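Working notes, structure below.
In this text, all values refer to a predicted model and were calculated from it rather than measured experimentally.
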Amino acid sequence: MLPPSATAAGPASGPRTGLPVALACGLGLACLATRLAFLPRWVEDHDSVNFALGLAHFDLAAHRPHFPGYPVYLAAAWPAYALGVPAPVALALPGIVAGATAAAGLALATARHTTAWAGVLAGAVYAALPGVALADVTPLSDALGLHLGTMALAGLLIGRRSGRFVAAGLAGALVGARLSYLPWAAGLLAAALWRANGRETQAAEAHDEPHTALQDRRVLILIAVLAVAAWGLPLLACAGGPAALWDVGATFAHGHLVQWGGSAWAPDPSASRVTLLGWNVGGWLLGAWGVALLAVILVAVGASRFAVGASRVAAGTEPAALSTSPIAWAVGVTVPYALWAAVGQNPEHARHVLPLAPVFALTVAFGALAVWRHAGDRTRPLLALALVVCAEGLAFDTAQRLATRTTIPSAAVRIAQWYARQPPEQSHLLTGSEAGVVRLLAPAHRSGRVLDAADADRVLARAPARREWATSSIAGITGRPHQWECRMTFAGRPGVDRPGAGIDVCARIHSAEPRRTIAAAEVSP
């Protein structure tokens with residue numbers, strides 16, 4: 001329970017109970033164990049293929065990996081790869097280790113403002129969210145970027161000078177792990193600068209040496225600059241200099257924003273953008289809709305209590321420290337990225353909503369705490385039971401999705417596995433974004449990436465084959481029934497991929513070759 005003077009909007013005026021470090025470490029180890037039990041066995045898509053190639057030989061111009069190179073992520077994955085760990089596992093380990101650390105750090109930071117059990121709840125919810133768990137065991141950079149940002153947020157919430165310095169350094173490293181998280185990193189650094197205003201309570205920083213706000217801000221900026229330089233200068237050298245890096249970046253940015261990146265400025269943005277974003281948050285990140293609904297109720301209660309406390313502070317009737325509220329800081333640093341993700345990122349990739357995870361975990365913990373504080377003795381057992389049921393449902397849903405992710409390859413991998421069993425001298429497969437996976441897993445077979453159906457016609461005219469295949473990821477292929485016929489569908493993985501994420505494989509119909517049906521034995525991965 002909260003101390004008598006505590007509110008859901010801010011910390012108690014009396015001494016905080018805090019969270020034992022040993023308990024936070026236990027939470028982190030539990031998170032680590034659950035991830036290690038579901039290590040990846042395959043690359044995921046063209047991005048993870050580029051990362052795997054980049055581990056073997058970094059070449060930004062050859063998309064090994066693609067721009068911006070993700071130097072912090074590859075540097076974290078390389079030691080395991082150098083020791084002989086398979087590339088998919090080596091690429092997942094940075095996110096797994098950072099995830100365990102972030103869950104423990106978030107729990108410790110939350111407990112400083114609330115109670116020990118609320119801190120554990122925040123860390124456990126963060127670690128148990130299906131989207132976070134799936135990202136951790138996927139050979140991509142998203143998980144490492146998420147956890148670096150969460151650890152930076154925890155450093156801010158600790159409320160100490162050293163915590164702000166850690167946050168500034170992690171914000172700089174975050175950009176090198178995941179450049180698309182730049183708005184989030186900027187928000188974290190801005191919050192660290194804002195908190196260095198010289199008005200922190202003496203109790204929180206009694207152990208620090210005397211300092212001024214201007215001195216702190218200069219140090220924070222210096223730390224962030226040094227963190228960026230630590231990965232930026234090697235990246236410049238590997239890319240061939242500033243001009244070469246600029247050329248690759250400009251080309252990639254133009255394609256991502258206005259051609260194939262799925263942003264709101266693309267010529268044909270997704271008509272179901274809002275629907276996809278809703279599923280990304282509610283169906284993928286938060287898990288089962290029933291569990292998410294119960295959590296949202298707790299969030300609403302916590303938010304309402306926070307709003308009431310804020311209004312009282314504004315009216316001068318309550319001296320609560322609104323500036324130290326974890327919810328306020330978490331929301332404030334996340335809003336810039338949330339706006340960017342809504343318009344600038346591809347909604348077909350659910351992983352772009354990951355930075356919302358720490359906000360959700362904090363608001364659930366504060367909501368539960370607010371309900372507990374204002375509930376009667378008769379209703380508290382019901383609340384405890386509801387939290388237990390919610391936790392069990394969330395854990396079961398997450399474990400089920402992790403098992404699916406570990407045992408079933410992505411549609412792109414299954415297509416490559418199928419194509420590797422076809423006669424190499426007779427087949428030619430044209431794909432969209434699956435091209436890298438096909439080249440990696442079926443190197444002896446003819447394949448290539450094309451932009452649209454007309455491009456596919458030109459390629460096949462120059463290099464005809466007896467069996468000509470194309471995937472539905474190529475624009476216009478499925479809209480040409482007289483030339484291409486869908487022969488098989490590689491469905492998406494339930495709970496892991498967005499609805500309708502399957503890929504069709506179409507066969508080119510030749511006048512000399514009758515239409516035929518692919519046997520089930522040929523389709524099985």
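Contact check for Thr489 versus Ile503: no side-chain heavy atoms found under the 4.5 Å cut-off. Within the 4.5 Å cutoff, the side chain of Tyr181 has no heavy atoms near those of the Val175 side chain. In this structure, the side chains of Leu153 and Leu188 come closer than 4.5 Å at one or more pairs of heavy atoms.
One distance of note links CE of Met151 with CG of Leu148; it measures 4.5 Å at 0.5 Å rounding.
Two rings, from Tyr126 and His147, have their centers less than 6.0 Å apart. Aromatic pair Trp418/Trp469: ring centres closer than 6.0 Å.
Checked by atom type and distance alone, the side chain of Arg273 pairs as donor or acceptor with a backbone atom of Val343 at under 3.5 Å. Checked by atom type and distance alone, the side chain of Arg401 pairs as donor or acceptor with a backbone atom of Gly495 at under 3.5 Å.
Shortest non-hydrogen contact noted between His352 and Arg178 is CE1-NH2, 3.3 Å.
Between the side chains of Tyr419 and Ser447, no donor N or O sits under 3.5 Å from an acceptor N or O.
Ring planes of Tyr337 and Trp184: tilted class, angle from 30 to 60°.
Residues Arg414 and Glu434 are not paired through a salt bridge, judged by the lack of any N-O separation under 4.0 Å between the basic side chain and the carboxylate. A salt bridge links Arg480 with Asp457; the closest basic N to acidic carboxylate O contact falls under 4.0 Å. The pair Arg449-Asp455 does not meet the salt-bridge criterion, since no charged nitrogen lies less than 4.0 angstrom from a carboxylate oxygen.
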| query | Under the ring-ring contact (aromatic ring centres under 6.0 Å, His included) criterion, do Tyr70 and His66 qualify, and how do the steps go? | reply | CA-CA 8 Å; Tyr70 305 85; His66 51 288; 5.2 Å; yes

| Worked check of side chain to side chain contact (heavy atoms under 4.5 Å, CB included) between Leu134 and Thr398 | CA-CA 8 Å; Leu134 289 171; Thr398 299; over 6 Å; no

